[in-house]
Amino acid sequence: MTLKITWDEASARRTERQFLAVPARAGTPVADIVGAMLGAHAQVLSAAEVSVGVRADGVTRAEVRAALWEDRSLVKTYGPRGTVHLLPTAELPLWTAALTAIPPGRSPFAPAVRLTEEQADEVVAAIGDALDGARLTVDELSDEVVARTGPWAGELVMPAFQGMWPRWRQVMHRAGQRGALCFAPNRGRKVTYTRPPRFEPLAADEGLALLVRRYLRAYGPATPGHFAKWAAAPRGWATELFASLAGTGVIEEVDFEGPAWVVAGDTEFPGTPVRGVRLLPYFDAYAIAAQPRETLFPGPAYERALAGGQAGNFPVLLVDGVVAGVWHQRRQGRRTTVTVEPLERLPAARERELAEQVERVGDILEARAELVVGAVTAGPHA
């Protein structure tokens, strides 16, 4: 008989493994926390710092930055979905193998703008060579890439904000996913790039199988469609991948609001539902990866805390494992005001928990935090 898993069971296990039910003990390596999340979205570094900090006792932005820029146990690069993430440096062989094996989607650029596969490979190689032992701004890197490839790479053909970018930049994320590029500390206000430490990627099949197992351990039970959405992969390809792994006994089927998958043998779930209040920042890994999204964002939360069904654009208030509101902060010097807009009025006990979480956010950001509970809102933000 197929094992039946309830939402409460899945939610309790996910939050436990995400260190959201109980934060990791003080002293747990920051890279271990990021590894359990399958990467921390870091387009806005302060959001990544909060994502990590709410999962570990005593961790502040200083510890995250030390792991990133000093001991380099973390690397800031292009990860899942081609977006900027913090990833454990030790896991780059996995990520490079898996991400480069995922079929790319349709190019958003006009045919005359696109790079051929040969040109893309040439650009990635040039990026890696230029950044080996160097820290370059994007303009400096552009000069180096054009010098190593040809004028075609520098043609200003990519619409970008209020100007045009050179052709080579359309594969910048691919260079990160292949291990040829990562972020380095800013030079003043300018972003710089370097090459991560050398490593040997896993074989593609090994990397994909390991990534699926890691994903299912963190966010399962899940369907191929859930994995495809998280990885920005074609759904049909993900379905075939899961079928191949099921055929070799790597994963097994369970009933979770329909057919879904877990790692083979990983069928123990907590017996009690998750309880507690958490504040998750922009593009937190849990809010993006946990599915089904309609259950994670129940009722009015689906309209208020999502942008057209896309998770991450709003920091969310999590109560008992589901989204129950949104929040934002405004910092002035050493103080930050955290305004929380619940979807329903919070009982006094929950407000006390919320105040503790706001204080924790302040500690992570090395600021004094003040809680403001905004008006209860149950619809789209005006």
Side-chain angles (χ1 to χ4, degrees), residues 39 41-45 48 75-87 92 95-199 201 204 228 231-234 237 283 307-308 310 312-313:
H41 192 282
Q43 188 72 44
V44 178
L45 185 57
V75 62
K76 182 181 177 183
T77 189
Y78 292 92
R81 303 175 300 283
T83 54
V84 179
H85 275 69
L86 302 185
L87 300 174
L92 286 177
W95 286 105
T96 296
L99 293 177
T100 55
I102 296 172
R106 182 178 299 177
S107 173
F109 302 109
V113 176
R114 299 173 195 165
L115 294 166
T116 66
E117 281 303 309
E118 293 77 13
Q119 288 174 326
D121 290 342
E122 190 176 350
V123 168
V124 170
I127 290 172
D129 289 343
L131 293 177
D132 198 5
R135 292 181 178 178
L136 304 178
T137 66
V138 72
D139 291 334
E140 293 166 344
L141 179 57
S142 189
D143 291 341
E144 294 289 339
V145 168
V146 172
R148 285 169 165 79
T149 55
W152 54 266
E155 291 173 350
L156 301 177
V157 295
M158 288 179 58
F161 301 105
Q162 297 180 358
M164 302 292 280
W165 282 349
R167 189 188 307 274
W168 72 268
R169 286 191 63 173
Q170 63 191 272
V171 293
M172 201 166 182
H173 71 284
R174 189 183 301 191
Q177 292 178 335
R178 289 189 183 180
L181 168 150
C182 68
F183 288 76
N186 285 4
R187 186 191 303 165
R189 298 178 67 88
K190 291 186 175 182
V191 174
T192 70
Y193 303 90
T194 189
R195 184 169 188 155
R198 297 277 184 167
F199 61 91
W237 172 86
F283 291 99
Q310 179 181 339
N313 288 288

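Computation of the quantities below employed the complete heavy-atom set of this structure, encompassing side-chain atoms and omitting hydrogens, waters and symmetry-equivalent molecules.
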Visitor: Is there a donor-acceptor pair under 3.5 Å between the side chain of Q310 and the backbone N or O of A307?
Guide: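 Pair absent, no side-chain N/O of Q310 close to backbone of A307.
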Visitor: Give the minimum heavy-atom separation between A101 and W237, together with the two atoms involved.
Guide: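 Looking at all heavy atoms of both residues, the shortest contact is O-CZ2, 3.9 Å.
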Visitor: Would you call E140 and R187 a salt bridge, taking side-chain N to carboxylate O under 4.0 Å as the test?
Guide: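 Looking at R187 together with E140, the answer is yes, because their closest N to O distance falls below 4.0 Å.
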Visitor: For the residue pair G39 and L87, what are the closest heavy atoms and their distance?
Guide: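 Of all heavy-atom pairs spanning G39 and L87, the closest is CA-CD2, 3.8 Å.
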Visitor: How many angstroms lie between atom CG of L136 and atom CG of D143, to the nearest 0.5 angstrom?
Guide: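 With rounding to 0.5 Å, CG (L136) is 9.5 Å from CG (D143).
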Visitor: Identify whether the distance between the nearest side-chain nitrogen and carboxylate oxygen of R178 and D121 falls below 4.0 Å.
Guide: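 A salt bridge is present here (some side-chain N lies under 4.0 Å from a carboxylate O).
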Visitor: I want to check something: taking the side chain as every heavy atom from C-beta on, are W152 and V123 in contact at a cut-off of under 4.5 Å?
Guide: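 With C-beta onward as the side chain, the pair touches.
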Visitor: Taking all non-hydrogen atoms of both residues, which atom of M164 and which atom of P159 are closest, and how far apart?
Guide: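 Here M164 and P159 meet closest at SD-CA, 3.6 Å.
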Visitor: I'd like to know if the side chain of H85 reaches the main chain of T83, judged simply by a donor and an acceptor atom lying under 3.5 Å from each other, with no hydrogens or angles considered.
Guide: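 Yes; at least one donor-acceptor contact below 3.5 Å.
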Visitor: To the nearest 0.5 Å, what is the distance between CZ on R169 and CD1 on I127?
Guide: 10.0 Å
Visitor: Any side-chain heavy-atom pair from F283 and V44 closer than 4.5 angstrom?
Guide: no
Visitor: Closest approach of V75 and C182, non-hydrogen atoms and distance?
Guide: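 Minimum heavy-atom separation between V75 and C182: CG2-CB, 3.4 Å.
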Visitor: Could you tell me if the side chain of N186 sits less than 4.5 Å from the side chain of T192, heavy atoms only?
Guide: no
Visitor: Between M158 and P166, is any pair of side-chain heavy atoms under 4.5 Å apart?
Guide: no
Visitor: I want to check something: taking the side chain as every heavy atom from C-beta on, are L45 and L86 in contact at a cut-off of under 4.5 Å?
Guide: yes
Visitor: Determine, for E122 against R167, whether the closest basic-nitrogen to carboxylate-oxygen distance falls under 4.0 angstrom.
Guide: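 So E122 does not pair with R167 through a salt bridge.
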Visitor: Would Q170 and L115 count as a side chain to side chain contact (heavy atoms under 4.5 Å, CB included) if you check the C-alpha gap in whole Å, the side-chain angles of each, and the deciding distance to 0.1 Å?
Guide: CA-CA 8 Å; Q170 63 191 272; L115 294 166; 3.8 Å; yes
Visitor: Does E144 reach the main-chain N or O of A126 with its side chain, forming a donor-acceptor pair under 3.5 Å?
Guide: no
Visitor: How about T96 and F199: do any of their side-chain heavy atoms sit closer than 4.5 Å?
Guide: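 In contact.
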Visitor: Does a side-chain N-to-carboxylate-O contact under 4.0 Å join K190 and D139?
Guide: no
Visitor: For the backbone of G128 and the side chain of R195, can you confirm whether one donor and one acceptor N or O come within less than 3.5 Å of each other?
Guide: yes
Visitor: So does R135 have more than 12 non-hydrogen atoms from other groups sitting under 6.0 Å from CZ?
Guide: no
Visitor: CG of L181 to OG1 of T194: how many Å apart, nearest 0.5 Å?
Guide: 8.5 Å
Visitor: Can you tell me how far the OH atom of Y193 sits from the OG1 atom of T137, to the nearest 0.5 Å?
Guide: 9.0 Å
Visitor: To check you understand the geometry: which heavy-atom pair defines the closest contact between A233 and I102, and what is its length?
Guide: CB-CG2, 3.5 Å
Visitor: Does S142 use its side chain to pair, donor to acceptor, with the backbone of V138 at less than 3.5 Å?
Guide: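 Between the backbone of V138 and the side chain of S142 there is no qualifying donor-acceptor contact (under 3.5 Å).
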Visitor: Locate the shortest heavy-atom distance separating P234 from P103; write the atom from each residue and the value.
Guide: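 Looking at all heavy atoms of both residues, the closest pair is CD-O, 3.6 Å.
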Visitor: Could you point out which residue of V124, V145, T149 forms a side-chain contact (heavy atoms from CB on, under 4.5 Å) with W168?
Guide: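 Between W168 and the candidates, side-chain contact (heavy atoms from CB on, under 4.5 Å) is satisfied uniquely by V145.
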Visitor: Find out whether Y78 and L99 are in side-chain contact, i.e. whether some heavy atom of one side chain is under 4.5 Å from a heavy atom of the other.
Guide: no
